[in-house]
**Student:** 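Take a look at this one; I'll ask things after.
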Amino acid sequence: MWGPSLVLAMMAAWPLPVQSSSLASFALEKVLDDATPIFGSYVNETGSNAEWMKNYADCTPLVHMNIPGTHDSTSWNYTQATQDALRGITDLSQVTVPVPQTFRCQALPLIDALNMGIRAFDLRYAFDPTNSTLVFYHSQALFSETATLDDVLFGFYQWLDDHPSETLFLSLQYEGSTGKYASNNAAVQLKLYEALTSRVSRQYFVQRKSEFGTLGQARGKITLLRRFDLDQLSDFYTNSLPGLHFSPSLWTDNSPNIILTYNEKNNLTAYIEDYYQPITPEGSSATENIQWKYNATTSHILKATAEHPDSLYWTWASSENTDNVPPEWPQIMALGNGSSTPEGGVNQRLVPFLKKQIGKRVGIVMFDYFEGPSDLIDTFLSL
Ligand SMILES: *[C@@H]1O[C@H](CO)[C@@H](O)[C@H](O)[C@H]1NC(C)=O
Ligand SMILES: *[C@@H]1O[C@H](CO)[C@@H](O)[C@H](O)[C@H]1NC(C)=O
Ligand SMILES: *[C@@H]1O[C@H](CO)[C@@H](O)[C@H](O)[C@H]1NC(C)=O
Ligand SMILES: *[C@@H]1O[C@H](CO)[C@@H](O)[C@H](O)[C@H]1NC(C)=O
Ligand SMILES: *[C@@H]1O[C@H](CO)[C@@H](O)[C@H](O)[C@H]1NC(C)=O
Ligand SMILES: *[C@@H]1O[C@H](CO)[C@@H](O)[C@H](O)[C@H]1NC(C)=O
């Protein structure tokens, strides 16, 4: 005979009868479905990489943690088919179109990244071509016409409900050059403000301002990294946002060493490497360009292990060299180009380097094509 608890457990595993679902759960299902082109199809996974923060004490300061992230996190499905499908509604119809590899920096959707251990995400928003919703772009490349920032935030909220031990960092940045007349105007800024201060957002975003707290204060929630200014709105709007302000005006373009004060009052500073297009001698090979980016990445990570233990270190391992002939797409820089790059790309080269940093603080590190090689994230999480 099966005991009552086993029967109950089996019933729980069966699909619920339709009449027992609430309208709220149907509504959530719809939102997650709408988010799919960016978020991916929701998969409820548990397991060590999906819940790795269980191993850290509540009192751990967030700036002491090693957080793997992804650069241009929403670009995973930007293939030729996607570019062709969306070309008609963007300015791509009027200009010479860079190939999709120029814009694509990931191969896996956000839900896979979450379940595989990624905790920091780089989200680039702008108005959709009708100026009514915030959607995701990389320059002119529109990633989905339908999945909005609001939809995707619900994906993160659901995932946090399912993984309450974890905490996330969302970097939001206004993406320019998305269309001929697009601008970071008051309407865009108000839309963003509303998305980040809605009732549901106030529940899921850590409400602390201008400083990082502890893991315990942030579990089940999101720390907002504001790579945007609300400079077309009154100060009231900026002052009522939570999170950390990394003003684009202070974020030096293409710099291997940005020192950015995000809290003037308490002199709190972040150390950032975002040398995304290494300046290398003309005619440099892919191997050489990868070497320069590897240099910038590892020298910044080494500083993170040795200096300013209570400050944020934020290293971007992502890069491209698309002006080169032949061009190095983000994928070539991250993963190499077959036999022409015998040591692989930045990612392969980082694995043995990271193995030497066991026990040390490396901070937040943002990757392109984070799933390659397969031991990159496992190595990172074992530090
Ligand atoms: C990925 O892009 C292809 C081509 O545009 C599209 O058919 C497919 O639905 C997209 N995948 C998702 C999950 O949206
Ligand atoms: C995910 O799984 C957990 C337990 O494994 C369960 O409590 C939760 O309701 C599930 N979430 C969804 C959306 O099915
Ligand atoms: C969207 O806004 C831009 C900038 O204000 C404007 O030039 C453009 O005409 C608008 N597009 C639509 C479809 O309203
Ligand atoms: C602020 O912090 C920086 C870096 O830690 C330090 O060099 C500087 O002297 C500090 N400034 C003040 C006013 O304390
Ligand atoms: C990278 O760093 C090494 C060691 O500091 C240096 O010798 C080399 O010139 C740098 N650049 C390249 C392309 O190797
Ligand atoms: C990558 O490899 C392909 C095929 O071997 C080659 O045509 C291309 O020029 C290489 N790209 C770079 C940046 O080295």
Side-chain angles (χ1 to χ4, degrees), residues 49 66 68-73 75-80 98-108 112-113 116-118 122 138 254-257 273-306 313-360 362-383:
N49 279 15
N66 297 328
T70 52
H71 158 256
D72 226 314
S73 312
S75 60
W76 62 281
N77 196 34
Y78 199 68
T79 60
Q80 192 63 56
V99 296
Q101 294 95 306
T102 313
F103 303 108
R104 190 173 181 192
C105 303
Q106 301 298 335
L108 296 178
D112 290 358
M116 291 164 79
I118 299 296
D122 169 30
H138 187 186
N254 201 32
S255 169
N257 191 17
E273 177 269 312
D274 187 18
Y275 193 43
Y276 59 86
Q277 182 157 310
I279 298 159
T280 60
E282 194 150 344
S284 294
S285 65
T287 300
E288 286 160 337
N289 285 322
I290 288 165
Q291 172 75 41
W292 285 111
K293 178 61 191 183
Y294 173 80
N295 271 14
T297 306
T298 52
S299 66
H300 200 258
I301 291 177
L302 286 175
K303 284 185 206 159
T305 65
Y313 269 78
W314 194 0
T315 302
W316 297 66
S318 47
S319 61
E320 42 97 350
N321 240 310
T322 49
D323 297 340
N324 266 21
V325 184
E328 277 114 19
W329 324 121
Q331 182 176 3
I332 291 180
M333 292 297 286
L335 301 179
N337 196 27
S339 56
S340 67
T341 51
E343 289 185 87
V346 171
N347 291 8
Q348 283 93 343
R349 302 204 45 195
L350 280 176
V351 173
F353 167 80
L354 287 172
K355 284 187 173 151
K356 294 190 203 128
Q357 314 310 323
I358 301 286
K360 297 187 179 152
V362 303
I364 305 180
V365 182
M366 310 294 270
F367 299 99
D368 277 343
Y369 292 85
F370 75 92
E371 73 290 344
S374 59
D375 54 349
L376 176 65
I377 297 305
D378 287 342
T379 301
F380 192 95
L381 294 180
S382 70
L383 294 183

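Values below: all heavy atoms of this structure, side chains included; hydrogens, waters and symmetry mates excluded.
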**Student:** Should I301 and F353 be marked as a side-chain contact (heavy atoms from CB on, under 4.5 Å) after you check the CA-CA gap, both sets of side-chain angles, and the distance that decides it?
**Tutor:** CA-CA 10 Å; I301 291 177; F353 167 80; 3.7 Å; yes

**Student:** Aromatic ring centroids of H138 and Y78 under 6.0 Å?
**Tutor:**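 So the answer is no for these two rings.
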
**Student:** Could you check V365 against W314 for side-chain contact (heavy atoms from CB on, under 4.5 Å), going step by step and ending with a plain yes or no?
**Tutor:** CA-CA 6 Å; V365 182; W314 194 0; over 6 Å; no

**Student:** Do the side chains of D378 and N49 get nearer than 4.5 Å, heavy atoms only?
**Tutor:** yes

**Student:** Is any side-chain heavy atom of P330 closer than 4.5 Å to one of S319?
**Tutor:** no

**Student:** Please report the interatomic distance CD(Q348) to CG(L335), rounded to the nearest 0.5 Å.
**Tutor:** 5.5 Å

**Student:** Does a donor on one side chain and an acceptor on the other come within less than 3.5 Å for N347 and D368?
**Tutor:** no

**Student:** Is the backbone N or O of I279 less than 3.5 Å from a side-chain atom of Y275, with the two atoms forming a donor-acceptor pair by type?
**Tutor:** yes

**Student:** Test side-chain contact (heavy atoms from CB on, under 4.5 Å) on D375 and K355 and set out the steps.
**Tutor:** CA-CA 11 Å; D375 54 349; K355 284 187 173 151; 4.0 Å; yes

**Student:** Does T305 use its side chain to pair, donor to acceptor, with the backbone of K360 at less than 3.5 Å?
**Tutor:** no

**Student:** Return the minimal non-hydrogen interatomic distance between A296 and S299, and the atom names on each side.
**Tutor:**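 Result for this residue pair: O-OG, 3.4 Å.
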
**Student:** Can you list the steps and then say if F367 with H71 is a ring-ring contact (aromatic ring centres under 6.0 Å, His included)?
**Tutor:** CA-CA 6 Å; F367 299 99; H71 158 256; over 10 Å; no

**Student:** Rounded at 0.5 Å granularity, tell me how far CH2 in W292 sits from OG in S284.
**Tutor:** 8.0 Å

**Student:** Shortest non-hydrogen contact from F370 to I377?
**Tutor:** O-CG1, 3.6 Å

**Student:** Are M333 and N289 packed together at the side-chain level, in the sense that at least one heavy-atom pair is separated by less than 4.5 angstrom?
**Tutor:** yes

**Student:** Contact between L354 and F380 at the side-chain level, heavy atoms closer than 4.5 Å - yes or no?
**Tutor:**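 Yes. Closest side-chain heavy atoms under 4.5 Å.
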
**Student:** Could you tell me whether K293 and E288 have a side-chain N and a carboxylate O separated by less than 4.0 Å?
**Tutor:**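 No salt bridge links K293 with E288.
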
**Student:** Roughly how far apart are M116 CE and T70 OG1, rounded to 0.5 Å?
**Tutor:**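 If we round to the nearest 0.5 Å, M116:CE and T70:OG1 are 11.5 Å apart.
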
**Student:** Which distance, rounded to the nearest 0.5 Å, do you find between the CH2 of W316 and the CG of D72?
**Tutor:**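 If we round to the nearest 0.5 Å, W316:CH2 and D72:CG are 8.5 Å apart.
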
**Student:** Let's go through R104 and E320 carefully: what are the C-alpha distance in whole Å and the side-chain angles of both, what is the deciding distance for salt bridge (Lys or Arg N to Asp or Glu O under 4.0 Å) to 0.1 Å, and is it a yes or a no?
**Tutor:** CA-CA 10 Å; R104 190 173 181 192; E320 42 97 350; over 6 Å; no

**Student:** Is a side-chain donor-acceptor pair under 3.5 Å present for Q331 with N337?
**Tutor:** no

**Student:** Have a look at Q277 and tell me which of N324, D323, N254 forms a side chain to side chain donor-acceptor pair (under 3.5 Å) with it.
**Tutor:**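 In the set N324, D323, N254, the residue that makes a side chain to side chain donor-acceptor pair (under 3.5 Å) with Q277 is D323.
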
**Student:** OH of Y369 to CH2 of W329: how many Å apart, nearest 0.5 Å?
**Tutor:**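 Rounded to the nearest 0.5 Å, the OH-CH2 separation comes to 11.0 Å.
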
**Student:** Can you measure from OG1 (T298) to CZ (R349) and round to the nearest 0.5 angstrom?
**Tutor:** 8.0 Å

**Student:** Are the side chain of T297 and the backbone N or O of T315 linked by a donor-acceptor pair below 3.5 Å?
**Tutor:**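 Not at all, since once roles are kept as given, no pair shorter than 3.5 Å links the two residues.
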
**Student:** Please find the pair of heavy atoms, one from I332 and one from A286, that lie closest to each other, and give the distance.
**Tutor:**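 Scanning both residues, the minimum pair turns out to be CG2-CB, 4.4 Å.
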
**Student:** Indicate whether any N or O donor in one side chain lies under 3.5 Å from an N or O acceptor in the other, for S73 and D122.
**Tutor:**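 Result is no, nothing qualifies.
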
**Student:** Please answer whether the main-chain N or O of N257 pairs with a side-chain N or O of S255 as donor and acceptor at a distance below 3.5 Å.
**Tutor:**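 Looks like yes, one N/O pair under 3.5 Å.
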
**Student:** Could you check if a side-chain atom of S382 sits within less than 4.5 angstrom of a side-chain atom of I358, using non-hydrogen atoms only?
**Tutor:**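 A side-chain contact exists here, since the closest heavy-atom pair is under 4.5 Å.
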
**Student:** Closest heavy-atom contact between P342 and T287?
**Tutor:** CD-OG1, 4.3 Å

**Student:** Are T322 and Q101 close enough, and set up right, to give a side-chain contact (heavy atoms from CB on, under 4.5 Å), and what steps lead you there?
**Tutor:** CA-CA 9 Å; T322 49; Q101 294 95 306; over 6 Å; no

